[in-house]
*Asks:* 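Here you go, one structure.
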Amino acid sequence: MNNNYHAGYYDMFKVDDADIEFYKNYIKSNTQVLDLGCGSGRVSFPLSDIAGSVYGVDSSKEMISAARNKGCNDNLFLIESNISTLNLDQEFDLIIAPFRVFQEIDVCLENDFFQVIEKHLKTDGICILNVYDPSFVYTREEIAAKWLEVGGTVRGETELSDGGVVKYFDRRLKSDEVLQELYAELVYQTYCGDELIDEHVNSIKQRYFYPDQFLDLISSYGFEVDHTWGGYNHQDYGKGPELIVAFKKGASESAGR
Ligand SMILES: C[S@@+](CC[C@H](N)C(=O)[O-])C[C@H]1O[C@@H](n2cnc3c(N)ncnc32)[C@H](O)[C@@H]1O
């Protein structure tokens, strides 16, 4: 199954939180935020401490209930829904999809995804999307082969309080350079001594985009690019590990293609 996140393991191996400070620059005490693919609330919670309200949306029952179990600020609303069918009766000042959520959106849901942004973004609101920049590591010619050649990477290892050990790694299964899709498994294994006592496999399919393609894609849905960066340390676009694009509604009404 695609996109089978396990909240406990996801939270065990924290991703770099540099994006949180980055998003905070866009938030005032009355800002209404929509966090698409909020997961277990890594970004929603700290933003809700300073924003007017944060609506976090995720299709994973597991991730949303893990977020709910962390306690809820009065101004944080957690919604179990696929982004592509989201229909809230509300518009937002800031829409985000942190940690490359957009790369997990299937190409056939891409139009719906941008329609959802169009519907929920205020006229003067800002949407910030981020994906990784494959050209930071690989040339266009080599990504499909080189990415697969590596086979997998160790992503982390952590010791549990009962002495058990959790190992986190990925397996790379298939790359499609025409569709620009990468298929992998994120694997978590818990060991007690040498004995494997639990394993969780999250099968993911990620699209990837080159810097010019990502900008063209956003513009093709009628949005107006406001600012770009190559990473959360404000690197220049195309000169860092991330592609971060802030955009607004364009002059024309519809974001559909
Ligand atoms: C890499 S995690 C990022 C979680 C969170 N944004 C963060 O930064 O920690 C991707 C999240 O996007 C969610 N997701 C992926 N596709 C989705 C979709 N179509 N609708 C709703 N959630 C989706 C997954 O369930 C997962 O929780």
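We count ligands from 1, going down the list as the structure has it; atoms in each ligand are counted the same way. Below, each value reflects all heavy atoms present in this structure, side chains not excepted, and no hydrogens, waters or symmetry copies.
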*Asks:* Quick one: does Glu142's side chain get under 4.5 Å of Trp147's, heavy atoms only?
*Replies:*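 Sidechains of Trp147 and Glu142: no contact.
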*Asks:* Using the six-membered ring of Tyr183, assess whether NZ or CZ of Lys174 lies under 6.0 Å from its centre and within 45 degrees of the ring axis.
*Replies:*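 Yes, Lys174 sits over the ring of Tyr183.
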*Asks:* So is Ser81 in contact with ligand 1, going by heavy-atom distances below 4.0 Å?
*Replies:*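 Distance cut 4.0 Å: Ser81 passes for ligand 1.
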*Asks:* If you count the atoms of ligand 1 from 1 in the order shown, which ones are under 4.0 Å from a heavy atom of Met63?
*Replies:*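 Within the 4.0 Å cut-off of Met63, ligand 1 contributes 27 (O).
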*Asks:* With atoms numbered from 1 as shown, which atoms in ligand 1 lie under 4.0 angstrom from a non-hydrogen atom of Ser59?
*Replies:*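 Taking each heavy atom of Ser59 in turn, ligand 1 has 17 (C), 18 (C), 20 (N), 21 (C), 22 (N), 23 (C) under 4.0 Å.
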*Asks:* Does any N or O of ligand 1 fall below 3.5 Å from an N or O anywhere on Asn82, backbone included?
*Replies:*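 N/O-N/O distance under 3.5 Å: yes.
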*Asks:* Do Gln206 and Tyr132 meet the criterion of a side-chain donor-acceptor pair at a distance under 3.5 Å?
*Replies:*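 There is such a pair (donor and acceptor under 3.5 Å, judged by atom type) between the side chains of Gln206 and Tyr132.
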*Asks:* Where is the nearest protein heavy atom to atom 20 (N) of ligand 1: which residue, which atom, and how far?
*Replies:*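 That would be Ile83 N, 2.9 Å.
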*Asks:* How far is atom 3 (C) of ligand 1 from the closest protein heavy atom, and which atom is that?
*Replies:*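 Going atom by atom, the protein heavy atom closest to atom 3 (C) of ligand 1 ends up being Tyr10 OH, 3.4 Å.
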*Asks:* Verify whether one side chain among Glu242 and Asn130 offers a donor that lies under 3.5 Å from an acceptor in the other.
*Replies:*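 Side-chain D/A pair, Glu242 to Asn130: present.
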*Asks:* Would you check whether Val15 has a nitrogen or oxygen atom less than 3.5 angstrom from a nitrogen or oxygen atom of ligand 1?
*Replies:*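 No: no nitrogen or oxygen of Val15 is under 3.5 Å from one in ligand 1.
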*Asks:* What protein heavy atom sits nearest atom 13 (C) of ligand 1, and how far off is it?
*Replies:*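 Residue, atom and distance for the closest contact: Asp58 OD2, 3.2 Å.
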*Asks:* For atom 8 (O) of ligand 1, what's the nearest protein heavy atom and its distance?
*Replies:*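 The answer is Arg42 NH2, 2.8 Å.
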*Asks:* For Gln90 and Tyr55, which I'm curious about, is there any donor-acceptor pair between the side chains at under 3.5 Å?
*Replies:*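 A donor-acceptor contact under 3.5 Å links the two side chains.
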*Asks:* Indicate whether the side chain of Tyr5 and that of Ser40 have a donor and an acceptor atom separated by less than 3.5 Å.
*Replies:*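 There is no such pair (donor and acceptor under 3.5 Å, judged by atom type) between the side chains of Tyr5 and Ser40.
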*Asks:* Check Gly39 against Ala67 and note the closest heavy-atom contact, atom names and distance.
*Replies:*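 Taking Gly39 first and Ala67 second, the nearest heavy atoms are O-CB, 4.0 Å.
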*Asks:* Side chains of Ser59 and Asn82: any donor to acceptor distance under 3.5 Å?
*Replies:*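 Asn82 vs Ser59: no donor-acceptor pair found between side chains.
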*Asks:* For residues Gln189 and Tyr168, is any side-chain donor paired with an opposing acceptor at under 3.5 Å?
*Replies:*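 Result is no, nothing qualifies.
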*Asks:* Give the atom numbers and elements of ligand 1 that come within less than 4.0 Å of a heavy atom of Phe99.
*Replies:*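 Within the 4.0 Å cut-off of Phe99, ligand 1 contributes 1 (C), 8 (O).
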*Asks:* What residue and heavy atom of the protein are closest to atom 1 (C) of ligand 1, and at what distance?
*Replies:*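 Of the protein heavy atoms, Tyr5 OH, 3.3 Å lies nearest.
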*Asks:* Any side-chain heavy atom of Pro211 within less than 4.5 Å of one from Asp133?
*Replies:*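 The answer is yes; the side chains approach within 4.5 Å.
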*Asks:* What is the nearest protein non-hydrogen atom to atom 15 (C) of ligand 1, stated with its residue, atom name and distance?
*Replies:*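 Here the nearest protein heavy atom works out to Asn3 ND2, 3.0 Å.
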*Asks:* Which residue supplies the protein heavy atom nearest to atom 6 (N) of ligand 1, what is that atom called, and how far is it?
*Replies:*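 Protein heavy atom at minimum distance: Gly37 O, 2.6 Å.
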*Asks:* Can you find an N/O atom of Glu104 closer than 3.5 Å to an N/O atom of ligand 1?
*Replies:*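 By distance alone, the answer is no.
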*Asks:* Only one of Asp11, Asp35, Asp17 forms a salt bridge (Lys or Arg N to Asp or Glu O under 4.0 Å) with Arg42, so which one is it?
*Replies:*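 Testing Arg42 for a salt bridge (Lys or Arg N to Asp or Glu O under 4.0 Å) against Asp11, Asp35, Asp17 leaves exactly one candidate, Asp17.
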*Asks:* Suppose I only count heavy atoms of Ser60 and a 4.0 Å limit; which atoms of ligand 1 are within that range?
*Replies:*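 Heavy-atom distances to Ser60 below 4.0 Å select 25 (O).
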*Asks:* Tell me, please: is Cys38 in heavy-atom contact with ligand 1, that is, under 4.0 Å?
*Replies:*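 It does; at least one heavy atom falls under 4.0 Å.
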*Asks:* Would you mind running through ligand 1 and noting each atom that sits below 4.0 Å from a heavy atom of Ile105?
*Replies:*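 Going through ligand 1 atom by atom, the ones under 4.0 Å from Ile105 are 19 (N).
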